Amino acid sequence: MEYNSTTIEKKWQEHWAKNASFEPTEDFSKEKKYILSMFPFPSGRLHMGHVRNYSISDAFARYYRQQDFNVLHPIGFDSFGMPAENAAIKNNANPKTWTYDNIDYMKKEFASLGFSFSKERELATSDELYTKFEQGFIIDMFEKGLLYREKGLLNWCPNDQTVLANEQVVDGCCWRCDTPIVKKDMNQYYFKITKYADELLDDLKKLEGGWPKQVLTMQENWIGKSNGLAFDLFFDSASKEKLANNFESFDVFTTRSDTIYGVSYTALAPEHSIVTYMIENNLLSAEVISQIKDMKSTSSIDRQKEKSGISLGLDVLHPMTGKKVPVWIANFVLMDYGSGAVMAVPAHDERDFDFAKKYDLAINAVIKPFEGELSSDCAYTEVGELFNSGEFDGLNSKKSQYNIIKYFEEKKIGKKTTNYKLKDWGVSRQRYWGAPIPFVHCDDCGLVMEKKENLPIAIPEDIEITGEGNPLDNHPTWKHCPCPTCGKDAVRETDTMDTFVESSWYFLRFCASKQNWEKEAFSKEQIKYWMGVDQYIGGIEHAILHLLYARFFTKVFRDLGYIDFDEPFDNLLTQGMVLKDGAKMSKSKGNTVDPDAIIEKYGADTARLFILFAAPPTQELEWNDNAVEGAYKFIKRFFDRSSNIVKTQSIPLIDHSILSKDEKYARKKVYEALVRANDVYNEKYTFNTLIAGTMEAINALNVQSNSDVWSEGFWILSSIMEPVIPHVCWDISSEYFSLKNLTPQVVVQEVFVEDSITLGVSINGKRRTEIEVSPETQKEDIIQSAKEAASKWLEGKEILKEILVPKKLVNIVIKG
RNA sequence: GCGGAUGUGGUGAAAUUGGUAUACACGCCAGACUUAGGAUCUGGUGCCGCAAGGCGUGGAGGUUCAAGUCCUCUCAUCCGCACCA
């Protein structure tokens with residue numbers, strides 16, 4: 001029979017659907033594996049990145065099913081978000097219709113690729129049931145003080161007309177549409193992720209080994225913990241007077257307490273409250289005010305180009321010397337880090353140095369190198385010896401930090417402080433297609449949470465999407481509701497949640513079985529059994545955003561008593577990108593390959609085989625049409641050779657000793673592939689080598705004709721390849737083995753016993769020739785024959801040493 | 001600047017973790033079968049050299065009987081963060 005991918009794949013996809021082959025059991029006594037790939041946004045069609053992602057997770061899921069684990073391999077859709085709304089604006093479609101149509105299409109694509117997802121637990125985060133549970137969690141978090149509403153300076157995307165979290169601002173631009181963001185002062189809801197900063201940082205240690213180093217480092221940098229000293233700088237009396245005694249002092253933070261004696265000026269962020277006060281009370285000239293305004297409206301990228309500042313005409317008193325120190329505004333001081341004010345030590349900080357040079361400010365050196373001279377051309381930022389530092393003179397600068405912080409603490413003028421780059425997670429979005437934040441604004445009661453029995457607060461479907469303003473806000477009736485507390489007329493919150501809220505707990509929802517699907521988000525017992533995720537697979541682009549938020553939610557849910565573990569994902573595999581012509585596949589570059597077209601031409605098995613064969617999963621994958629063709633040819637050959645199998649219900653018993661050399665070699669290659677397969681699925685994840693091993697085995701089988709060896713070979717090979725090319729393997733397996741070989745395979749050791757061994761012979765480590773010996777040959781005899789074989793190179797030379805590496809080589813060390 | 005990674009044939013990539021470098025595949029070359037093939041099959045294919053042989057894992061050193069693998073320095077590329085006080 002000729003290989004026909006379409007009929008074979010259709011046949012087995014129908015079989016799997018009919019038999020619900022991939023549903024996990026509720027038998028919690030079985031060992032489990034939770035295999036999860038990051039769920040897709042329903043953009044309309046799968047792209048090759050998706051195919052790669054799910055081909056990897058499917059290989060794991062199918063392997064562990066064969067190994068008799070209870071496997072959970074769920075799929076869902078991260079279906080809220082702006083593209084749905086943008087599509088609606090563009091095509092005058094309804095976001096819900098658009099989304100669910102896309103989901104239906106993508107589900108068909110999943111099926112046509114043969115992915116073994118659990119169907120029962122399929123979900124879309126825009127489902128009202130999902131919203132209901134999520135809003136319940138939000139209320140719980142609010143009650144615990146982990147969600148709060150506050151006015152703040154926010155990242156605003158003028159194109160998407162919404163606020164963005166810090167994590168969603170990439171190079172000063174919107175992560176979605178690349179529009180430069182602007183700062184906007186408005187009310188916003190925040191998750192108190194900073195409360196967990198230390199734990200999120202410390203627990204990265206628990207993930208070592210299971211997560212790629214790169215991701216751990218990125219999270220560590222993002223949290224950005226630094227230790228230092230915080231203290232107040234007090235104004236002198238003239239300055240206090242200027243400020244009408246509204247300000248006594250301001251707070252600064254430094255990691256370089258050792259440079260305290262070198263402070264020669266201080267700098268405030270242009271957004272600092274003292275600056276704002278001075279502007280509002282006409283303490284600055286019109287020209288200065290306009291300069292500050294310019295500074296504020298400059299994007300963070302442009303601010304980096306050149307340092308600029310303005311003297312405020314104020315002085316503070318140096319905490320150690322009591323000398324006057326001028327106060328400046330500087331564009332490089334960021335309002336959202338520390339207190340928005342710094343002490344400046346130009347002698348030992350490059351930024352401070354540049355600024356001091358530009359504005360001709362004093363440069364007071366207080367650290368000198370242990371050896372050599374201090375240069376005045378640049379800031380000396382290395383460790384050295386303190387001088388001009390009062391009682392601390394002569395100390396090692398690094399070590400003196402301890403003494404100086406201690407001094408501040410004893411005098412009660414400052415204290416040891418830890419700062420983080422991590423900010424609270426702003427979650428409200430001024431958009432329609434999201435889960436409403438379940439709060440109500442009441443004139444009498446203020447901000448009130450919705451009652452849980454009223455959940456979900458679903459979004460209305462009869463909306464008009466114009467692209468201007470928030471459709472929820474514009475809806476004639478939706479936002480009007482009774483106050484949950486006093487019953488008076490009140491107004492609903494019209495902000496919806498960041499879609500990253502949905503993806504922060506979907507992996508927990510997947511643990512819920514269909515029985516209690518409606519009743520509860522998940523049960524403790526189910527969570528206890530299924531979590532943590534044994535293998536999580538997704539793109540590196542989520543290294544910070546999603547993966548940090550999901551870790552945060554896990555810790556919050558633990559503290560709320562829903563779960564009792566700290567980390568959600570035991571192992572993380574970050575797949576590489578799919579490239580074509582050296583660039584990431586993207587519509588804008590026009591270098592995409594449509595998975596549907598590949599499936600139609602070659603079949604899903606070919607697509608999956610190519611993707612897993614062309615590169616290890618963590619590396620970039622370069623698309624190559626010829627190599628896809630090659631994968632197709634291999635499957636055809638694989639299928640074609642299966643005609644050599646004799647039908648059997650169990651693996652054939654073979655007397656190895658009577659086999660020919662070729663037959664023995666073929667068996668060895670088959671079992672080598674099996675050994676490699678176990679290695680790959682359990683440890684290395686380099687599917688490319690497993691596939692290469694199978695190809696070698698087929699090549700070796702092909703030069704012999706023993707039907708038992710063929711049958712045994714296919715019994716094993718179609719088992720280990722099933723996770724990769726499931727359709728053709730099920731077809732062969734059902735035709736010849738009644739599917740009985742899709743089980744754990746036992747490695748037969750006898751095939752590795754060789755009749756003779758080929759050893760390389762090296763002289764001084766350089767390979768010269770080889771010898772063939774029987775496995776029983778004694779060391780002396782082996783070396784003797786090695787010498788004979790290499791006599792040409794040994795003539796007249798003095799032998800210094802003879803080394804035998806069993807089964808590998810002989811190395812003879814000679815003089816000269 | 002800080003951090004993380006990666007450098008192996010014409011190409012994608014292997015190398016049992018210190019033991020015969022380039023498995024497997026793509027491409028290319030030759031041959032067979034063909035009216036023909038971009039189908040199939042067989043063989044060849046790191047570089048230099050007629051050969052013997054020499055050279056060869058970004059580069060330079062080092063450790064070792066033995067280095068793609070370990071150490072030191074260095075170069076290049078990619079990714080992330082970045083005026084973070």
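Predicted, not measured: the structure shown is a model, and the values here were computed from it. Order of the sequence lines fixes the chain letters, A, B, ..., with proteins taken first and strands second; residue numbering starts at 1 for each chain.
Using a distance-only test at 3.5 Å, with no hydrogens or angles considered, no donor-acceptor pair links the side chain of R676(A) to the main chain of T694(A). The backbone N or O of L200(A) sits less than 3.5 Å from a side-chain atom of R551(A), completing a donor-acceptor pair. The backbone N or O of Y380(A) sits less than 3.5 Å from a side-chain atom of H348(A), completing a donor-acceptor pair.
A syn orientation is assigned to G9(B), its glycosidic angle lying within 90° of 0. Taking the O4'-C1'-N9-C4 or O4'-C1'-N1-C2 dihedral as appropriate, U17(B) has a value within 90° of 0 and is therefore syn.
Annotation: U20(B) and C70(B) have their P atoms spaced 16 Å apart (nearest Å). Spacing between A85(B) and C79(B) at atom C1', rounded to whole Å, works out to 27 Å. G46(B) and C2(B) are spaced 43 Å apart, taking the P atom of each and rounding to whole Å. Annotation: U22(B) and G7(B) have their C1' atoms spaced 16 Å apart (nearest Å). U69(B) sits 15 Å from A15(B) when the P atoms are compared, rounded to a whole Å. Comparing the P positions of A51(B) and G43(B) gives a spacing of 23 Å, expressed to the nearest Å. Distance noted for atom P between G31(B) and G38(B): 14 Å (whole Å). For the P atoms, the distance from G59(B) to U8(B) is 10 Å, rounded to whole Å.
In this structure, the CD1 atom of I540(A) is 13 Å from the C1' atom of C81(B), given to the nearest Å. Spacing between atom NZ of K766(A) and atom P of C65(B) amounts to 17 Å, rounded to whole angstrom units. Rounded to an integer number of Å, the gap from CG of N626(A) to P of G10(B) is 19 Å. Atom CD in E672(A) sits about 12 Å away from atom P in C24(B), given to the nearest Å. F638(A) has its CZ atom 18 Å from the P atom of C24(B), to the nearest Å. What separates CD1 of I763(A) from P of G53(B) is a distance of 12 Å, to the nearest Å. Taking atom CZ of R637(A) as the reference point, atom P of C24(B) lies 11 Å away to the nearest angstrom. Between D336(A) atom CG and A82(B) atom C1' the separation is 14 Å, expressed in whole Å.
A cation-pi contact, defined as under 6.0 Å to the ring centre and within 45° of the axis, is absent between K307(A) and F355(A).
Within the 4.0 Å cut-off from OP1 or OP2 of A25(B), at least one side-chain nitrogen or oxygen of N699(A) is found. Between R768(A) and the phosphate of G54(B), there is a side-chain N or O to OP1/OP2 separation shorter than 4.0 Å. At C84(B), none of the side-chain N or O atoms of K423(A) fall inside 4.0 Å of OP1 or OP2 (strictly under the cut-off).
Nearest to the side-chain atoms of R351(A) among the listed nucleotides A85(B), C65(B), C55(B) stands A85(B). Relative to the side chain of S226(A), the nucleotides G53(B), A85(B), C65(B) differ in distance, and A85(B) lies closest. You'll find that the side chain of K421(A) is closest to C84(B), out of C84(B), C26(B), U40(B). Of the listed nucleotides (A25(B), A85(B), U40(B)), A85(B) has the atom at the smallest distance from the side chain of Y337(A). Among A39(B), A85(B), A25(B), the nucleotide with an atom closest to any side-chain atom of K633(A) is A39(B).
Between atom CE of residue M343(A) and atom CZ of residue F253(A) there is a gap of 10.5 Å, rounded to the nearest 0.5 Å.
Side-chain contact check for S226(A) and N419(A): no donor-acceptor pair (N or O, by modelled atom type) lies under 3.5 Å. Defined by atom type and a distance below 3.5 Å, a donor-acceptor pair is present between the side-chain atoms of E772(A) and S756(A). Side-chain contact check for S400(A) and S397(A): no donor-acceptor pair (N or O, by modelled atom type) lies under 3.5 Å. Using modelled atom types and a 3.5 Å distance limit, the side chains of Y602(A) and E629(A) yield a donor-acceptor pair.
A ring-centre distance under 6.0 Å is not found for Y632(A) and F610(A).
Contacts of K307(A) with the nucleic acid, taken as non-hydrogen atoms under 4.0 Å apart, include base atoms. Across all strands shown, Q619(A) has heavy atoms under 4.0 Å from sugar-phosphate atoms exclusively, and none from any base. Within the nucleic acid shown, W793(A) comes within 4.0 Å of sugar-phosphate atoms alone, with no base atom in reach, counting heavy atoms only.
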Item to complete: Would you write the dot-bracket representation of RNA chain B, where each base gets (, ), [, ], | or . depending on whether it forms a Watson-Crick or G-U pair under 3.5 Å and with which partner?
Response: (((((((..(((......[....)))((((((.......))))))(((....)))..(((((..]....))))))))))))....
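Both E306(A) and M695(A) sit near RNA chain B, but only M695(A) has its closest nucleotide nearer the 5' end. Taking the nucleotide of RNA chain B with the nearest heavy atom to each of V333(A) and K801(A), the more 5' of the two is matched to K801(A).
Classification of the F639(A)-Y3(A) ring pair by plane angle, with boundaries at 30° and 60°, yields tilted. A perpendicular orientation is assigned to the rings of F752(A) and Y671(A), their planes being inclined by more than 60° (bins at 30° and 60°).
For NZ of K358(A), the number of neighbouring non-hydrogen atoms (other residues, nucleotides, ligands) closer than 6.0 Å is greater than 12. Within 6.0 Å of the CD atom in E541(A), the count of heavy atoms belonging to other residues, nucleotides or ligands exceeds 12.
Residues of residues 211-223 of chain A that place a heavy atom closer than 4.0 Å to RNA chain B, in numerical order, are K213(A), Q214(A), T217(A), M218(A).
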Polar atom pairs (N or O), protein with nucleotides 16-23 of chain B, under 3.5 Å:
unit_1	atom_1	unit_2	atom_2	d
U16(B)	N3	K808(A)	NZ	2.5
U16(B)	O4	K808(A)	NZ	2.9
U20(B)	O2	R767(A)	NE	2.5
U20(B)	O2	R767(A)	NH2	2.6
U20(B)	O4	T758(A)	O	3.1
A23(B)	O2'	E696(A)	OE1	3.3
A23(B)	O2'	E696(A)	OE2	3.0

